[in-house]
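We name chains A, B, ... by the order of the sequence lines, and we start the count at 1 in each one. No hydrogens, no waters, no symmetry mates; every other heavy atom, side chains included, goes into these values.
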Amino acid sequence: MRLEEALKKYLGYETFRPGQKEVIETALAGKNSFVMLPTGTGKTVCYQLTGYLLEGAVVIISPLLSLMQDQVERMKAYGEKRVIAINSFLAPQEKVAALRRLDQYKFIFLSPEMLMNDTVKGRLKQLKIALFVIDEAHCISQWGHDFRPDYLALGDFRADFEYPLTMVLTATATERVRQDILLQLQLNDAESIIYSVDRPNIALFTRRYATFKEKKAGLVELVRELKSPGIIYFSSKRLAEEFQQLIRSETALESAYYHGDMQAESRMMIQQQFSRGQLDVICATSAFGMGIDKADIRYVIHFHLPGDLEAYVQEIGRAGRDGEKSAAILLYANGDEMLQRQLADKDALDPALLELPAELVGSLPETEQRMLAHYAESGLSKGAIRKRLEERRHWKQQNLAAMKGYLETEGCLRAYILRYFGEEAADKEQQPDCCDRDGAEITHYFGTNERRNEQPDWVRYLDELFVGP
DNA sequence: CGCGTTGGTCGTATGACCAACGCGGTGCTATACT
């Protein structure tokens with residue numbers, strides 16, 4: 001059967017999107033792959049169709065519970081019943097039952113933490129694993145080193161399972177991050193399938209302000225003018241909340257805030273409201289984003305610069321999935337990078353903690369305890385650990401410096417990003433609205449959002465309702 | 001870095017003002033207890 005026929009038969013699509021066929025063919029040929037496809041190009045199809053064409057189960061490692069739930073629901077909605085997510089959403093007895101009948105599932109979603117659970121491992125050992133998938137694989141290189149060490153144990157898992165056929169999926173990774181991911185996964189024979197990170201329909205802007213206050217005022221002005229919907233990213237939960245209040249009082253836009261301290265239910269609700277077009281603006285921290293597949297996001301503003309360009313590209317990539325023109329705007333006020341410098345510094349464990357007496361370790365925050373436990377089990381000497389922490393710190397500072405360079409460059413912003421990801425700069429002829437350095441005008445992204453400002457015009461409303469516009 | 005909180009002083013109001021200080025973001029899971 002030709003792959004197109006299989007695509008039609010199993011998933012109902014007529015044609016492949018760029019990259020998908022190549023990825024599936026590679027897996028069907030029994031080769032491991034490292035796949036980099038831009039956001040919104042249907043990475044799910046890659047492992048789903050491969051799974052249908054192979055005998056055995058597909059195990060998918062996913063970083064977020066909400067992502068897993070979404071995928072499971074979507075697959076179920078399309079009629080696939082043999083799909084499950086083993087995670088803490090399951091009640092203990094549900095989990096036991098699910099593990100007992102694990103062999104009945106074709107697609108099994110797991111977090112790296114759950115994968116390391118001995119019962120789960122033992123049960124997986126009894127199955128035939130056709131394909132091992134790492135979704136959002138950049139998490140290995142970012143979160144793994146910082147606060148989710150189980151991401152770093154995926155390599156040992158692969159070894160333990162005699163190196164199952166593996167597919168690594170991400171949207172953004174520099175060569176260096178790719179190398180780190182492959183190293184962590186103990187994957188040295190992966191076929192690289194790399195597509196450009198460039199999203200031509202997203203115009204790039206930076207704006208400098210002298211002070212925090214001016215930046216704040218500038219943001220309100222932008223939000224008032226820009227065509228919504230949009231996302232504004234902050235590096236502080238408090239500021240995200242504060243700004244949402246400000247937008248509510250200063251504009252007629254519908255808005256909400258979103259960050260990691262909120263209850264899972266409120267987070268889900270906000271995300272749904274945004275997806276359904278009930279909100280114009282989301283004021284969020286980096287917690288908001290993965291798994292958002294809203295097509296018509298018109299702008300992404302960053303109130304603070306992110307810690308690295310990978311995060312920036314990932315976050316602005318949520319704009320313009322529909323291919324329509326959209327804007328990515330990075331704001332800066334003097335000294336902004338200090339905040340990121342502080343956060344980056346906090347990430348790598350303080351080497352002094354390695355000397356902490358065992359009885360005091362218990363009083364540390366949970367994340368630090370985990371990272372310490374991870375290093376203790378790694379068998380590395382203290383000197384080697386110290387060296388690794390130092391390298392990590394250095395890496396982060398370099399990344400931040402590159403991010404700062406983006407703000408400061410006088411050349412094309414898109415070219416800067418592409419160079420960072422090791423790509424050739426795109427052809428200018430094809431990109432009239434590229435970035436502010438090349439003459440793109442922010443006003444092209446303005447629109448009217450003030451409709452809610454008007455008092456409801458009942459006569460017109462009823463007229464439209466019964467007679468049509 | 002900039003912001004909010006805290007605690008001191010002033011000097012007699014239950015505030016006004018200032019300096020010093022600390023903090024900032026991302027998520028999984030297990031298990032005990034109210």
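For DNA chain B, the residues of residues 336-353 of chain A within the heavy-atom distance limit of 4.0 Å (strictly under) are A/M338, A/L339, A/Q342, A/L343, A/K346, A/D347, sorted by number.
OP1 and OP2 of B/dC23 both lie 4.0 Å or more from every side-chain N or O belonging to A/S236. Within the structure, every side-chain polar atom (N or O) of A/K213 is placed at least 4.0 Å from both OP1 and OP2 of B/dG2.
Here A/I329 contributes atom CD1 and A/L331 contributes atom CG; the two are 7.0 Å apart, rounded to the nearest 0.5 Å.
Between the side chains of A/Y233 and A/R318, a donor-acceptor pair is found at a separation under 3.5 Å. Between the side chains of A/S235 and A/Q340, a donor-acceptor pair is found at a separation under 3.5 Å.
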**Asked** According to the Watson-Crick and G-U wobble definition with distances under 3.5 Å, which dot-bracket string, read 5' to 3', encodes DNA chain B, using [ ] for crossing pairs and | for pairs with another strand?
**Response** ((((((((((....))))))))))..........

With 3.5 Å as the limit, what N/O pairs link the protein to nucleotides 29-34 of chain B?
unit_1, atom_1, unit_2, atom_2, d
B/dT29, OP1, A/S111, OG, 3.1
B/dT29, OP2, A/S88, N, 3.4
B/dT29, OP2, A/S88, OG, 2.6
B/dA30, OP1, A/K95, NZ, 3.0

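Here A/H304 lies out of heavy-atom contact (under 4.0 Å) with every strand.
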**Prompt:** Does the salt bridge (charged side-chain N to carboxylate O under 4.0 Å, His left out) test come out yes or no for A/E221 and A/R224, once each step is laid out?
**Reply:** CA-CA 5 Å; A/E221 269 328 291; A/R224 213 194 299 275; 3.4 Å; yes

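For A/Y445 and A/Y299, the ring centers sit 6.0 Å or farther from each other.
Note: A/H145 and A/W395 have tilted aromatic rings, judged against thresholds of 30 and 60 degrees for the angle between ring planes.
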